[in-house]
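Only one structure is covered here, and it is reproduced in the block below.
Heavy-atom basis, side chains included; hydrogens, waters and symmetry copies ignored.
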Amino acid sequence: MKATNYVTGLWKFSDKVPVDQLVEVAEKWAKEDQDYIQLYVRKASKNQYAIGFMYKLPQEESGPGQHDEYFNKTSDALKRSFGNDLVGWDLASPTWIIK
């Protein structure tokens, strides 16, 4: 099975961040960047919520540099917007899509 050129994961936020604010961020990303395949907001743990995503990297097969570029760009923007209320993430690439 061939791996995709997608990075997938979650950006997790503290319970201080309202769900509506995360929905606004995800909607903004969806409008501004056509490389997002999926964007959603979901409960992550206890009272925390997360933005979940699937993002298409530029080439057929992703490499560490492309993953790092996406991670650094996006985490910097989220840290500027949310500070310490960005509490974690779980991102990975490549992704094998089953269905």
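At a threshold of 4.5 Å between side-chain heavy atoms, the hydrophobic network of Ile, Leu, Val, Met, Phe, Trp and Tyr places Trp89 and Phe13 in one connected group. Grouping the Ile, Leu, Val, Met, Phe, Trp and Tyr side chains by contacts below 4.5 angstrom, directly or via other members, places Ile97 apart from Leu10. In the hydrophobic cluster analysis, where Ile, Leu, Val, Met, Phe, Trp and Tyr join through side-chain heavy atoms closer than 4.5 angstrom, Val87 is grouped apart from Val17.
A tilted orientation is assigned to the rings of Tyr70 and Trp11, their planes being inclined by 30° to 60°.
For the atom pair OG1 (Thr8) and NZ (Lys56), the distance works out to 15.5 Å, reported to the nearest 0.5 Å. Atom-to-atom distance recorded for Gln34:CD and Trp29:CH2 is 15.0 Å, nearest 0.5 angstrom. Atom CD1 of Ile51 and atom CD of Gln21 lie 9.0 Å apart (nearest 0.5 Å). Interatomic distance, CE of Met54 versus OG of Ser93, reported as 10.5 Å (0.5 Å rounding). For the atom pair CZ (Arg42) and NZ (Lys12), the distance works out to 8.5 Å, reported to the nearest 0.5 Å. For the atom pair Leu91 CG and Asp68 CG, the distance stands at 10.5 Å (nearest 0.5 Å).
In this structure a side-chain-to-backbone donor-acceptor pair under 3.5 Å is missing from Thr95 to Val7. Of the possible donor and acceptor atoms, one in the side chain of Asn5 sits under 3.5 Å from a partner among the backbone N and O of Leu57.
Using a 4.5 Å heavy-atom threshold, the side chains of Ile37 and Tyr55 count as separate. Put simply, the side chain of Leu22 reaches to within 4.5 Å of the side chain of Phe82, judged on heavy atoms.
Residue-environment remark: CG (Asp76) exceeds the threshold of 12 foreign heavy atoms within 6.0 Å. By the neighbour-count criterion of 12 heavy atoms within 6.0 Å, atom NZ of Lys43 is densely surrounded, having more than that number from other residues, nucleotides or ligands.
The shortest non-hydrogen separation linking Ala26 to Val41 is CB-CG2, 4.4 Å. Leu86 and Ser75 make their closest contact through CD2-O, 4.3 Å (heavy atoms, listed as atom of the first residue, atom of the second, distance). Residues Leu39 and Ala30 come closest through the heavy atom pair CD1-N, 3.6 Å. Nearest heavy-atom pair across Phe53 and Tyr40 is N-CE2, 3.9 Å.
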